[in-house]
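Below is one structure, written out as structure tokens; the observations come after it.
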Number of protein chains: 2
Amino acid sequence: MTDIDELMSIRQMCDAYDVTPRTLRFYEAKELLFPQREGQKRLFTKRDRARLKLILRGKRFGFSLEEIRQLLDLYHIGDQQQTQLQRTYEIARDRLRDMEAQRDELTEAIEDLREQLRWGEKVIASMSQEKDAAE
Amino acid sequence: MTDIDELMSIRQMCDAYDVTPRTLRFYEAKELLFPQREGQKRLFTKRDRARLKLILRGKRFGFSLEEIRQLLDLYHIGDQQQTQLQRTYEIARDRLRDMEAQRDELTEAIEDLREQLRWGEKVIASMSQEKDAAE
DNA sequence: ACGTATCTTGACGTTAACGTCAAGGGGCCC
DNA sequence: GGGCCCCTTGACGTTAACGTCAAGATACGT
């Protein structure tokens, strides 16, 4: 709620989000984050933290940093030109479709795997059965 | 249904699954696929094709080839030792949990993005409104 | 003034997952 | 038997996403 919550050092960020300094600097170089500077030291804002959360989430879905960067633009829509905004919007809409498709496929894969696991249980059961009989 | 369906050349595989020869050879080197040989030429079986589908699906979820390889073992459970099978089973159970968690997170992210898109629509609408007024 | 802790900018190293040649064998057709 | 295709095995190149030093600025406690 105070300045401590508003601006965080690189170390605080690392502790809070379980990333390395190198990673944060890398994301800045790739224009995914835009920390302020106090002298030469980086200070990460609430906005940077929100973006970082989205980045990490995107990575868990297997998105590339470049794909994520395009999506991030949708989340700070204020400072964009009209045509650029339209483009951003369309990219996000496409990405949404991808994500929905991915979720459907994932649901399917989960079902498949569950079935395989039921199979596995049976096989394991019958194997220990045989083993019991042999003793 | 004939031999043509049973065994496929590397070229046929590439056309069928939209991958390169290099990729298939790479997957074999990493022990994800085990094509038969006719002389020195590779012949891919139905089993290889099933595995390849699972590989490509896993990749779309952002899994590494190594993670995928461990899962694949569950799908050809027949030829395993009992202890090894138990281990395979546990790995698959863990992976299932990961996938369920990922799906939940994805559902959440989809909701977030949908909301952002509604926002975006509004902003775009109001911007073209302003533009109309200015003309 | 000194140590130590945290930060900075290069710059080179690493891993995964392939891409991209180079050199050569085997089959088939005219 | 020359040409053409498809296949093979090395072996080196590439890209993304960082890791890992090296060398130096800045600040803080004693």
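So that the names make sense, note that chain A is the first sequence line, chain B the second, and so on, each numbered from 1.
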Tell me the interatomic distance from [X], atom [atom1], to [N], atom [atom2], rounded to whole angstroms.
{"X": "Met8(A)", "N": "dC7(C)", "atom1": "CE", "atom2": "P", "answer": "11 Å"}
{"X": "Arg60(B)", "N": "dA17(C)", "atom1": "CZ", "atom2": "C1'", "answer": "17 Å"}
{"X": "Leu24(B)", "N": "dA17(C)", "atom1": "CG", "atom2": "C1'", "answer": "13 Å"}
{"X": "Leu33(A)", "N": "dA17(D)", "atom1": "CG", "atom2": "P", "answer": "14 Å"}
{"X": "Glu66(B)", "N": "dC18(C)", "atom1": "CD", "atom2": "C1'", "answer": "16 Å"}
{"X": "Gln36(A)", "N": "dC7(C)", "atom1": "CD", "atom2": "P", "answer": "16 Å"}
{"X": "Glu28(B)", "N": "dG10(D)", "atom1": "CD", "atom2": "P", "answer": "12 Å"}
{"X": "Ile10(B)", "N": "dC18(C)", "atom1": "CD1", "atom2": "C1'", "answer": "14 Å"}

Nucleotide nearest Arg22(A) when distance is taken to its side chain, options dT20(D), dG25(C), dC7(C):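 The answer is dT20(D), which lies nearest to the side chain.
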
Counting side-chain heavy atoms from CB outward, which of dT9(D), dA17(C), dC18(C) is closest to Arg37(B)?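 Nucleotide nearest to Arg37(B)'s side chain: dT9(D).
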
Pairwise 5' ranking along DNA chain C for Gln40(B) and Phe63(B), keeping only the more 5' one: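 Whichever sits nearer the 5' end wins; that is Phe63(B).
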
Could you walk me through whether Tyr75(B) and Leu113(A) pass the side-chain contact (heavy atoms from CB on, under 4.5 Å) test, one step at a time? CA-CA 9 Å; Tyr75(B) 286 82; Leu113(A) 188 48; 4.1 Å; yes

[X] vs [N]: side-chain N/O to OP1/OP2 distance below 4.0 Å:
{"X": "Arg25(A)", "N": "dT8(C)", "value": "yes"}
{"X": "Lys59(B)", "N": "dC18(C)", "value": "yes"}
{"X": "Arg42(A)", "N": "dT8(C)", "value": "yes"}
{"X": "Thr20(B)", "N": "dG19(C)", "value": "yes"}
{"X": "Tyr27(B)", "N": "dC18(C)", "value": "yes"}
{"X": "Thr23(B)", "N": "dA17(C)", "value": "no"}

So what does Arg11(A) touch, heavy atoms closer than 4.0 Å: a base, only the sugar-phosphate, or nothing?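 Here Arg11(A) touches the backbone only, sparing every base.
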
List the atom pairs, with distances to 0.1 Å, where a side-chain N or O of residues 21-36 of chain B and a protein N or O form a donor-acceptor pair under 3.5 Å, not counting sequence neighbours.
from     : atom 1 : to       : atom 2 : distance (Å)
Thr23(B) : OG1    : Thr20(B) : OG1    : 3.0
Glu28(B) : OE1    : Arg42(B) : NH1    : 2.2
Glu28(B) : OE2    : Arg37(B) : NH2    : 3.1

Donor on one side chain, acceptor on other, Thr107(B) and Asp104(B), under 3.5 Å: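 No, no side-chain donor-acceptor pair sits under 3.5 Å.
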
Is Glu105(B) salt-bridged to Arg60(A), going by a charged N under 4.0 Å from an acidic O?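 Judged by the 4.0 Å cut-off on N to carboxylate O distance, Glu105(B) and Arg60(A) do form a salt bridge.
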
Common cluster, Ile91(A)/Leu72(A), ILVMFWY with side-chain heavy-atom separation under 4.5 Å: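 Looking at the clustering, Leu72(A) is in a separate group from Ile91(A).
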
